[in-house]
Amino acid sequence: MPGRHGRLGGAVQQQRELDPLFIWSAIALLIFGLVMVYSSSIAYAEGSRVSGHNATFFLLRHAVFLTVGVVAGIMAVQVPLSAWQRAAPYLFLAGVVLLIAVLIPHVGREVNGSRRWLPLGPINLQPSELMKLFAVLYAADYTVRKLPVMGSFKQAFLPMLGVIVFTGFLLLREPDFGAFVVICTIAFGILFLGGLNARIFALLFIMALVGFVLLIWLSPYRRERLFNFVDPWRDAYGSGYQLSHALIAFGRGEWFGVGLGASVEKLFYLPEAHTDFLLAVIAEELGFAGVLTVVVLFGILVQRAFAIGRRALLLERYYGGLVAQGIGLWLGFQGFINMGVNMGLLPTKGLTLPLMSFGGSGIVANCIALAVLLRIDWENRHVMRGVGG
């Protein structure tokens with residue numbers, strides 16, 4: 001053990017205070033997202049009475065959300081990781097209470113048949129976005145507490161299964177199937193990273209697969225989405241409309257796009273252009289080069305998150321290691337799902353592109369998650385310097 005710490009301590013002497021690749025990839029995605037939210041929303045904002053026909057409506061709101069997120073992140077990075085661990089169960093419980101509040105008539109706000117928002121004056125809070133962060137913090141704390149019994153189905157797996165089933169029930173009542181899938185992936189992914197018995201995990205995977213198939217098959221709405229994903233052109237002017245226009249946007253973009261701001265699909269053809277289908281606008285305006293840039297930036301961000309987590313685990317800071325890898329899993333998995341949906345590789349899901357798409361609750365939750373990652377990295381380096389010298 002001393003030799004390992006000595007190697008880590010020696011290596012960190014030439015490192016900076018924080019990971020520059022992680023910081024700059026995160027900043028690049030946030031700024032890139034701000035630019036593309038403006039570009040993709042201009043026409044919609046000009047034609048909407050909700051925005052007062054103001055072309056900069058979504059740009060200004062996204063800038064405000066981003067500012068709030070950065071301020072929240074600056075505050076969050078000051079909080080020691082031990083405090084996050086102590087607060088994790090209470091934050092998760094608060095998230096559950098918010099998910100229940102959303103479902104109460106005249107309390108939660110319903111939009112397009114989904115009740116996912118709590119109106120707070122001029123803004124709407126989406127608890128499922130905060131719940132993703134709370135799930136990371138809680139699952140990591142749960143796993144650390146259960147480390148001695150991670151091979152036990154009854155002691156390690158069943159309690160978490162019960163918690164996630166109840167949370168999933170609330171999410172499916174909204175309904176928010178996409179958030180349910182992400183939170184399940186976060187929780188059980190962290191359990192696996194924490195050493196959950198491989199046989200239990202294989203059983204979980206099979207159960208989850210069967211459960212998701214049943215949820216899709218028993219819901220006409222989700223079943224129709226699946227059929228449209230297989231062949232969106234079968235009903236290109238109906239249920240396959242969104243995906244077909246996303247594919248048209250990708251086709252028009254070719255290698256280098258039609259130019260920033262020159263998208264045709266965002267002109268009331270492609271629904272949710274500034275939220276769920278932001279990548280399709282990037283593909284049309286900036287082409288393959290723009291999409292590749294986004295993929296590479298996400299790849300760097302996720303890789304650095306897992307590297308920060310691995311370093312924490314080597315230092316026997318298990319909670320920090322699992323939180324860092326859980327955040328990497330969350331951002332990577334949700335980004336992968338959103339990109340797959342935009343490219344027609346996965347069925348349509350109501351999931352935004354992390355750090356980039358328009359949405360206040362999502363941006364704030366993402367910024368706090370980045371701040372927690374920075375804190376873990378800073379504490380890692382602080383411990384390594386102390387051990388090394």
If two hydrophobic side chains count as joined below 4.5 Å and joins carry through other members, does Leu297 share a cluster with Phe288? no
Going through the checks in order, is the side chain to side chain contact (heavy atoms under 4.5 Å, CB included) test met by Phe333 and Ile337? CA-CA 6 Å; Phe333 182 73; Ile337 294 293; 3.9 Å; yes
Just checking, any donor-acceptor pair under 3.5 angstrom between side chains of Asp176 and Ser128? yes
When you check the side-chain N and O atoms of Glu272 and Thr275, is any donor under 3.5 Å from an acceptor? yes
Would you check if Leu313 and Gln325 make a side-chain contact, meaning some heavy-atom pair closer than 4.5 Å? yes
Are Glu379 and Arg317 within salt-bridge range, i.e. N to O under 4.0 Å? yes
Donor-acceptor pair, side chain of Lys266 and main chain of Ile42, under 3.5 angstrom: no
Tell me whether Arg304 is salt-bridged to Asp377, with the criterion being a basic N under 4.0 Å from an acidic carboxylate O. no
Would a distance-only check, ignoring hydrogens and angles, find a side-chain to backbone donor-acceptor pair under 3.5 Å from Asn366 to Pro354? no
Here's a test for you: under ring-ring contact (aromatic ring centres under 6.0 Å, His included), which of Phe277, Phe57, Phe58 qualifies with Tyr44? Phe58
Flag, side chain of Tyr319 to backbone of Leu137, donor-acceptor distance under 3.5 Å: yes
Can you check whether Ser263's main-chain N or O pairs, donor with acceptor, with Glu285's side chain at less than 3.5 Å? yes
With side chains defined as the heavy atoms from C-beta onward, is the minimum distance between Asp141 and Arg86 less than 4.5 Å? no
Does Arg145 have more than 12 heavy atoms from other residues, nucleotides or ligands lying within 6.0 Å of its CZ? yes
Quick one: does Asn380's side chain have a donor or acceptor within less than 3.5 Å of a partner on Arg311's backbone? no
Honestly curious: do Trp378 and Ile27 fall in one hydrophobic cluster under the side-chain, below-4.5 Å linking rule? yes
Answer yes or no: is there an ion pair linking Glu174 with Arg115, defined by an N-O contact shorter than 4.0 Å? no
Val136 side chain reached by Lys132 side chain, heavy atoms, under 4.5 Å: no
